[in-house]
Each structure stands twice: as structure tokens, then as C-alpha cells.
Student: 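Here you go, one structure.
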Amino acid sequence: MKRTRISRVLASEEIGSVFTVMGWVRTKRESKGGFSFIEMNDGSCMGSLQVIAGEDLPNYKDDVAKLQTGCSVRVKGTLVASPAKGQRVELRADEIEVLGWADPEAYPLQKKRHSFEFLRTIAHLRPRTNTFGAVARVRNAASFAIHSFFQEKGFVYVHTPIITGSDAEGAGALFRVTSLDLAQVPTVGGHVDFTRDFFGSPANLTVSGQLEAEVYALALGDVYTFGPTFRAENSNTPRHLAEFWMVEPEMAFCDLDGNVELATDFLKYVFSYILEHCGEDMDFFKRFIDPSCIETLESLISQDFERLTYTEAVEILSKAKVPFEFPVDWGSDIQAEHEKYLCEKVFQGPVVLTDYPRTIKPFYMKVNEDRRTVRAMDVLVPKIGEIIGGSQREDDYDTLLERMKELNINLDSYWWYIDLRRFGSAPHSGFGLGFERLVQFITGMSNIRDVIPFPRTPGNVSF
Ligand code: ATP
Ligand code: MN
């Protein structure tokens with residue numbers, strides 16, 4: 001089956017040439033002169049191709065006249081300049097074949113706009129809408145840009161495990177992986193006997209590839225991971241998923257300043273790529289989702305990111321004349337409302353916060369000389385809040401052990417991680433970017449469930 005994508009046909013200069021296109025009918029209307037106008041979309045771009053079908057087609061009555069929204073068709077036709085406004089070219093059909101019918105009584109995607117809530121219940125059909133088609137294409141372009149950015153800089157893409165034996169860093173609640181029969185779980189002394197489980201010990205889905213990425217950074221220099229991560233946190237928010245994709249670069253011989261610089265360059269690169277390659281989709285988001293989305297990206301690319309310490313941020317926040325739900329005092333975590341206040345009200349742009357109290361950050365972050373703070377960095381952006389979390393890692397053997405003991409971490413399951421600090425330890429840094437938060441930020445989509453094809457959230461795994 002040979003076909004030309006509609007994106008290419010719409011951009012074609014070859015008036016008079018014959019093309020075969022395949023796609024789905026968005027709308028069809030009949031005009032007086034014995035013609036049907038069919039809007040066809042094949043997902044290759046936002047735009048639809050207008051097909052003109054005349055009554056003289058042999059199957060006009062049997063097929064063309066019965067076409068409805070959602071049907072899939074093959075059209076062979078001649079490209080002509082369009083007399084109508086809003087499109088440059090259209091296709092005059094010589095042949096139309098219906099590949100799949102769609103009963104209009106049953107097909108849920110008719111002309112009118114549907115709510116995103118409703119579309120979540122038909123995740124198998126929602127990619128055929130303008131919004132979800134655009135999200136899918138932007139997601140694709142952003143993934144590609146992420147790989148290009150790191151590859152151009154000489155980073156090595158490392159595949160870290162999805163199933164892990166360590167409960168990595170306590171970044172969130174874990175999903176257990178088991179092949180035990182849950183109706184007959186073996187026990188010893190009242191506890192589950194994991195020696196009889198598949199791996200002979202407890203196993204979980206990873207919450208982050210960072211610890212394993214550190215292993216490779218301390219051998220290959222600059223590496224990154226880009227894979228799925230899982231958190232069983234019961235947070236029903238518009239920015240949390242149980243399964244999401246994370247980008248995690250890790251760099252040997254790199255301190256916090258280098259880390260901030262990479263994070264900034266990285267975001268700017270991805271945003272520029274999207275503006276350059278997804279113009280039509282971004283115009284759609286600007287018109288229908290978030291009028292400021294393009295401007296926001298443009299200003300981010302040209303702006304320096306404001307950088308301040310946690311301590312400075314707390315000072316600003318404690319003087320703020322707005323009623324926060326969560327109080328701010330030194331030592332408590334910065335909440336989403338505070339992050340947004342800093343970005344939207346105080347600095348009107350992205351903010352990098354560094355040097356958080358050690359008590360609220362994980363064991364692997366490097367302790368500063370003051371012993372009270374760690375070399376953490378969070379990148380905050382308007383509307384979303386935290387989009388990147390990272391740090392310089394603790395590379396000192398004794399300090400790492402002390403931190404792990406302080407946080408009651410089982411040293412046995414991290415022996416390899418600790419070992420890295422015994423043999424050729426080196427300063428190193430990295431960060432994690434939630435890929436869906438990035439796509440949310442780019443598109444202006446307000447719910448994270450609408451920027452991943454099949455969202456996994458508490459109570460929802462069906463499809
Ligand atoms: P938050 O406070 O927003 O829950 P976090 O502190 O748990 O974030 P990290 O553990 O630092 O986040 O994870 C790195 C990045 O992964 C975050 O900056 C964010 O972009 C993304 N992220 C974290 N949790 C989720 C989630 N449940 N769904 C989607 N993205 C997430
Ligand atoms: Mn979290």
C-alpha cells in the first residue's frame with residue numbers, strides 16, 4: 001500500500017500530479033453541484049486535506065454519499081490549486097475506497113468539541129482529535145530534541161533497569177514486582193518470604209535511574225537515561241502520574257554550577273527545537289489551549305534563569321503578602337504554591353533554587369561546608385512549578401555513610417553505590433526532568449493526564 005502523507009501533499013508544489021492518500025474523514029458535506037467535500041486527516045500534521053468527490057465516481061452513491069466522520073478511506077486524486085479560502089491546494093478524487101466504516105450513531109468523536117475528561121475515557125480514539133494529535137507530535141519532537149541535545153554534547157545514552165532491588169532514595173512510594181501467588185503468599189515469622197519470590201529478594205519498579213546512571217558517569221564521563229519511572233504516590237494532582245518518563249543526565253567532574261548550566265542550556269535547546277519544528281501544532285495550542293504558550297517559550301529562551309538559594313527564597317516568601325496554605329519557614333519544603341509565587345509573581349520567569357536544607361533532601365546530595373545545606377538545585381517554571389530536580393552528588397565516602405545512617409537506609413542494598421566512593425570517586429552531578437511536565441509546560445495543557453498517551457493514575461490502569 002503506497003501512500004503519500006497529507007503533510008507532504010499540503011506542502012506540495014506539484015499541481016496536476018496524482019497522489020494517493022489514506023486517512024480518516026473528519027467531516028463531509030455535500031454541495032449542490034453534485035459534489036462532496038471531504039476533510040481528511042492522517043495524523044501527519046494538524047492540517048486536513050480537502051478532497052473533492054464528484055457524482056461521476058462509480059461508487060459515489062454506494063460509498064461516498066454514505067461517508068461519515070471517522071471512516072477511513074483511500075483516495076487517489078489530482079492535486080489542484082484550491083479556489084476556497086484557508087487552503088492552498090485540494091485533491092480532486094479519481095478513486096475513493098472506503099477502508100473502514102464508522103457508525104455515526106456509535107462513533108463518539110463527532111464534530112463538536114469534547115471535554116478532556118470525556119476524552120480520557122476513550123483513550124483509544126482521542127489521538128484522532130486535533131489536541132491529542134498535536135500533543136503526540138510535540139511529545140515526539142521533544143523526545144528527539146532531548147536525544148539530539150545530549151548526543152551533540154557527546155553524552156552516552158545508558159539504559160538503566162526498570163526492575164530494581166534497591167528502594168532508590170525514597171523518592172516516592174514503590175510498586176512491588178512479584179511473581180508470588182497473591183492468594184498463597186509464603187511467609188516466615190509473619191513476614192512475606194521473599195526468598196521464594198522470583199528474584200529471591202524484594203523487587204520494585206524503579207522510581208529513578210539516577211543511582212545506576214552514576215555508575216556509568218563514573219566510567220564514561222557524561223551519560224543520560226531517558227526511560228519510564230514509577231511512583232505509587234497517591235497524589236491525585238494535575239502534575240503527578242504513577243508512570244512517567246524521566247530524563248536524567250549525570251556528569252562526572254561536574255559541580256553544581258555546571259549542573260545548573262547544563263539544565264538551562266538543555267531547556268532552551270528543547271524549547272527552540274519545538275518552536276522551530278512544531279509551528280503548526282504550537283499555533284493550535286496558542287489558539288485553543290494557552291494564548292501565551294509561544295511567548296512563554298520565546299521569553300524563556302532569551303532570558304537568564306534567576307538563581308537564588310533556598311535560604312534567600314524563604315526570606316522572600318516569608319515577607320510575601322499572600323495567604324499560603326503551607327507556612328514557610330527555614331527547614332520546611334517549598335510547596336508548589338511557593339514555587340509558582342516565586343516564578344509568576346516575584347521573578348516573572350524561571351527560577352533555579354539551590355542549597356536546600358539537608359533534612360528535606362535525599363542522602364545522595366552533597367553536603368555543603370555549613371553542614372546544614374546540600375548542593376541541591378530545583379528548576380522552577382511558571383504554571384508548573386518544579387520541572388527539574390537535581391544536585392551535586394556526595395562523593396565523600398565517610399559523609400555518604402553518615403548521611404545514609406542518619407536516614408536509616410539499608411546499607412547492604414546500596415553496597416555498590418557506596419563502593420563507588422571507595423574507588424576513584426570524583427565530583428559529579430546530575431538532574432531529573434519529568435518529561436510529561438516538560439510537555440505540559442510547552443503545550444500549556446493543564447492536566448498531566450492529557451500529555452501522555454495512556455495515563456496511569458490511582459484507580460486507572462484499564463487502557
Ligand atoms: P514533586 O515534589 O513535584 O512531587 P519530586 O520532588 O518528587 O517532585 P523528583 O523526585 O525530584 O521530584 O523527580 C524529578 C522530576 O520528575 C521532577 O522534577 C518532576 O518533573 C518529575 N516528577 C516527579 N514525580 C512525578 C510524578 N509523579 N509524575 C510526573 N512527573 C513527576
Ligand atoms: Mn513527588
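First listed ligand is number 1; within each ligand, the first listed atom is number 1.
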Student: Please report whether the ring centroid of F253 lies less than 6.0 Å from that of H428.
Tutor: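 Here the rings of F253 and H428 have centres that are no less than 6.0 Å from each other.
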
Student: Measure the shortest side-chain to side-chain distance between M445 and T131 over non-hydrogen atoms and say whether it is less than 4.5 angstrom.
Tutor: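 Yes, close enough: below the 4.5 Å cut-off.
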
Student: Relative to the heavy atoms of R239, which atoms of ligand 1 are at a distance of less than 4.0 Å?
Tutor: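 Answer for ligand 1: 3 (O), 28 (N), 29 (C).
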
Student: Test of understanding: given a 4.0 Å heavy-atom threshold, classify the contact between T229 and ligand 1 as side chain, backbone, both, or neither.
Tutor: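 Under 4.0 Å from ligand 1, T229 contributes no heavy atoms.
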
Student: Which is it for R437 and ligand 1 at heavy atoms under 4.0 Å: side chain, backbone, both or neither?
Tutor: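 Contact part for R437 vs ligand 1: side chain (C-beta onward).
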
Student: Please identify which atoms of ligand 1 are closer than 4.0 Å to at least one heavy atom of I388.
Tutor: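 Under 4.0 Å from I388, ligand 1 has these atoms: 18 (O).
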
Student: Short list, please: which atoms of ligand 1 are under 4.0 Å from a heavy atom of I387?
Tutor: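 So the atoms of ligand 1 that pass are 18 (O), 20 (O).
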
Student: Under a 4.0 Å N-O cut-off, is there an ion pair linking D255 with R375?
Tutor: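 Judged by the 4.0 Å cut-off on N to carboxylate O distance, D255 and R375 do not form a salt bridge.
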
Student: At under 4.0 Å between heavy atoms, which part of I448 makes contact with ligand 1: side chain, backbone, both or neither?
Tutor: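 Side chain only.
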
Student: Check each of E386, R456, M246, E436 against atom 5 (P) of ligand 1 and report the one with the nearest heavy atom.
Tutor: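 Among E386, R456, M246, E436, the closest heavy atom to atom 5 (P) of ligand 1 belongs to E386.
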
Student: Looking only at the aromatic ring of each residue, does the gap between the centers of F324 and Y341 stay below 6.0 angstrom?
Tutor: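 Ring centres of F324 and Y341 closer than 6.0 Å.
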
Student: Does any non-hydrogen side-chain atom of R456 lie less than 4.5 Å from one of F454?
Tutor: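 Yes - at least one pair of side-chain heavy atoms lies under 4.5 Å apart.
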
Student: Is the shortest side-chain N to carboxylate O distance from D378 to K361 below 4.0 Å?
Tutor: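 K361 and D378: salt-bridged.
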
Student: Give the numbers and elements of all ligand 1 atoms closer than 4.0 Å to a heavy atom of G389.
Tutor: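 This gives 18 (O) as the contact atoms.
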
Student: Please tell me whether F226 and F150 form a close aromatic pair, meaning their ring centres lie under 6.0 Å apart.
Tutor: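 No; F150 has its ring centre 6.0 Å or more from that of F226.
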
Student: Considering only heavy atoms, which of F244, F435, W245 lies nearest to atom 29 (C) of ligand 1?
Tutor: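 Closest candidate by heavy-atom distance is F244.
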
Student: Which one of Q440, Q210, E233 has a non-hydrogen atom at the shortest distance from atom 27 (N) of ligand 1?
Tutor: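 Nearest option to atom 27 (N) of ligand 1, by heavy atoms: E233.
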
